[in-house]
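What you are looking at is a predicted structure, and each value in this text was computed from that prediction instead of being measured. Each chain gets a letter, A, B and so on, in the order its sequence line appears, and its residues count up from 1.
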There are 2 protein chains.
Amino acid sequence: MGALDAIDLAIMRTLQENGRISNAELAERVGLSPSACSRRLDMLEKSGTISGYHARLSNKALEYKMMVIVHISLSGQFAKTLTEFESAVRLCPNVLVCYLMSGEYDYILRVAAKDLEDYERIHRDWLSALPHVVKINSSFALREIIDRPNVGL
Amino acid sequence: MGALDAIDLAIMRTLQENGRISNAELAERVGLSPSACSRRLDMLEKSGTISGYHARLSNKALEYKMMVIVHISLSGQFAKTLTEFESAVRLCPNVLVCYLMSGEYDYILRVAAKDLEDYERIHRDWLSALPHVVKINSSFALREIIDRPNVGL
DNA sequence: TTCGTCTTCGCAAGGACATTCCGCAGATTC
DNA sequence: GAATCTGCGGAATGTCCTTGCGAAGACGAA
């Protein structure tokens with residue numbers, strides 16, 4: 001797989017910002033003919049450098065107005081404990097992000113809820129039911145300052 | 001703005017998974033003629049229900065392998081203090097997410113870095129330079145379990 | 001019921017677009 | 001210098017997107 005040159009990066013940057021423009025417009029923006037642009041895009045997709053395209057839905061429109069950051073501690077760091085916890089957390093549709101962390105807590109989660117009542121349900125039915133959990137700490141987001149899908153190139 | 005019916009949700013779900021399929025294929029998947037589908041999609045975009053489309057770039061290809069969760073405390077919660085901090089943090093391209101939080105810390109950030117050296121640079125040049133900060137706590141993600149853009153519909 | 005209105009559908013047309021083939025030009029190798 | 005390789009632009013063809021138009025169903029008022 002060849003290295004990415006400046007035009008490849010321009011294509012990636014453009015599609016990261018506006019993932020549904022036509023190939024013709026993309027070609028014009030990066031200074032290439034449509035045919036050449038189409039070939040490069042095809043290469044970027046097939047090589048996995050661009051792994052997909054996703055519509056960003058307004059959480060407001062979906063009525064997910066509440067974002068909760070959840071810190072979780074487990075009863076141990078054994079491989080089996082971690083695996084069982086991770087398999088369970090993957091099933092909860094409201095968990096947008098989950099990372100195994102260094103530091104005070106074992107996992108950090110980002111959970112979307114419609115309102116406080118909805119979060120109470122998620123906490124009761126999903127989070128409390130996760131295996132090996134010994135401590136759950138929920139912090140509520142008061143305001144969103146930034147929410148980017150990728151690093152600004 | 002009218003309510004979203006089942007077909008609107010199907011359009012949103014489909015484009016969330018595959019944001020660059022043609023309108024013709026989208027129409028077929030949701031069981032509509034291309035023209036009707038195009039009109040509905042236009043409405044969803046103009047109303048802000050679909051707020052954009054983004055290519056998902058392989059972090060491996062971009063070499064952003066490190067994800068850091070940063071907790072930040074400010075010297076006060078005055079409106080001016082918050083505004084100045086937020087204006088500054090918006091300028092840092094490595095900050096993917098920033099929320100004003102309830103609880104122990106004032107802000108929580110998700111920062112992408114290429115490696116530890118890169119994070120050291122970000123910490124020195126950006127995070128430490130943010131105004132009114134009195135405490136920065138960095139936690140490193142050891143492994144990504146979940147990273148969804150939206151709630152699973 | 002019957003009429004008018006509103007919404008949203010499908011169909012058709014023409015203009016734009018995506019993709020593929022082909023030839024060319026510059027770089028690299030032998 | 002010839003062969004090879006790579007990546008470009010132009011042309012062609014089949015497909016797609018968009019807009020205008022008429023029709024069908026839902027709904028309320030006379």
Side-chain angles (χ1 to χ4, degrees), chain A residues 1-64 114 149-153, chain B residues 1-64 114 149-153:
Chain A
M1 188 178 94
L4 303 174
D5 64 10
I7 297 181
D8 289 322
L9 287 175
I11 291 174
M12 293 161 70
R13 208 180 302 129
T14 304
L15 288 175
Q16 188 175 321
E17 286 301 309
N18 196 341
R20 217 179 145 78
I21 59 175
S22 69
N23 179 67
E25 187 174 345
L26 177 63
E28 193 182 4
R29 290 201 199 179
V30 304
L32 228 53
S33 72
S35 57
C37 188
S38 175
R39 279 187 295 256
R40 291 180 90 115
L41 180 53
D42 200 50
M43 183 267 292
L44 288 171
E45 290 171 354
K46 280 181 178 153
S47 71
T49 308
I50 294 179
S51 62
Y53 303 90
H54 303 276
R56 165 161 284 228
L57 308 180
S58 155
N59 279 325
K60 204 185 81 221
L62 288 175
E63 299 178 339
Y64 283 97
K114 297 190 177 183
N150 282 99
V151 177
L153 291 182
Chain B
M1 189 177 94
L4 303 175
D5 65 9
I7 297 181
D8 290 321
L9 288 176
I11 291 174
M12 292 160 70
R13 210 179 302 126
T14 305
L15 288 176
Q16 191 176 325
E17 286 301 309
N18 197 339
R20 215 178 146 80
I21 58 174
S22 71
N23 179 68
E25 187 175 344
L26 176 64
E28 193 181 4
R29 289 201 198 179
V30 304
L32 228 53
S33 74
S35 58
C37 188
S38 174
R39 280 186 292 255
R40 291 180 90 115
L41 179 55
D42 200 50
M43 184 269 291
L44 288 171
E45 289 171 354
K46 281 183 177 152
S47 72
T49 308
I50 294 179
S51 61
Y53 303 89
H54 302 277
R56 169 162 280 230
L57 308 180
S58 156
N59 277 328
K60 204 185 78 216
L62 287 175
E63 299 176 342
Y64 282 100
K114 297 189 177 182
N150 282 98
V151 177
L153 291 181

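- Contact annotation: the side chain of His54(B) never approaches that of Asn150(A) to less than 4.5 Å [non-hydrogen atoms, C-beta and beyond].
- Each of Arg20(A) and Cys37(A) has a nearest nucleotide on DNA chain D; the 5'-most of these lies closest to Cys37(A).
- When the nucleotides dT19(C), dC8(D), dT8(C) are ranked by their closest atom to the side chain of Arg40(A), dC8(D) comes out on top.
- When distances run from any side-chain atom of Ser35(B) to the nucleotides dC9(C), dT19(D), dC8(D), the shortest one goes to dT19(D).
- Classification of Glu17(A) and Arg13(A) as a salt-bridged pair fails, no side-chain N sitting under 4.0 Å from a carboxylate O.
- When the P atom of dC17(C) is taken as reference, atom CZ of Arg29(A) falls 13 Å away, rounded to whole Å.
- When all heavy atoms are compared, the tightest approach of Leu26(A) to Leu41(A) is CD2-CD2, 4.2 Å.
- For Asp5(B) and dT7(C), the CG to C1' distance is 12 Å, given to the nearest whole Å.
- For dC17(D), the base has no donor-acceptor partner in the side chain of Ser22(B) [N/O atoms by modelled type, under 3.5 angstrom].
- For Glu25(B) and dC17(D), the CD to C1' distance is 15 Å, given to the nearest whole Å.
- With Asp42(A) as reference, Lys46(A) is the one residue of Arg39(A), Arg40(A), Lys46(A) to meet the side chain to side chain donor-acceptor pair (under 3.5 Å) rule.
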- Task: Give the intermediate values and the outcome of side-chain contact (heavy atoms from CB on, under 4.5 Å) for residues Asn18(B) and Arg29(B).
- Result: CA-CA 12 Å; Asn18(B) 197 339; Arg29(B) 289 201 198 179; 4.2 Å; yes

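- Put simply, CD1 on Ile21(B) is 18 Å from P on dT15(D), counting in whole angstrom units.
- At least one side-chain nitrogen or oxygen of Ser38(B) sits closer than 4.0 Å to the OP1 or OP2 atom of dT18(D).
- Going from atom CG of Leu4(A) over to atom P of dG7(D) covers 12 Å, rounded to whole Å.
- We find that CE of Met43(A) is positioned 8 Å from P of dG7(D), with the value rounded to whole Å.
- The interatomic distance linking Leu41(B) (CG) with dT19(D) (P) rounds to 12 Å, in whole Å.
- Across dC17(C), dG9(D), dT18(D), the shortest atom-to-atom separation from the side chain of Asn23(B) is found for dT18(D).
- The CG atom of Leu32(A) sits 15 Å away from the C1' atom of dA18(C) (whole-angstrom rounding).
- The side chain of Arg39(B) lies closest to dG20(D) when the candidates are dG20(D), dT19(C), dG9(D).
- For Ala24(B), the listed nucleotide lying nearest its side chain is dC16(D); candidates were dC16(D), dG9(D), dC9(C).
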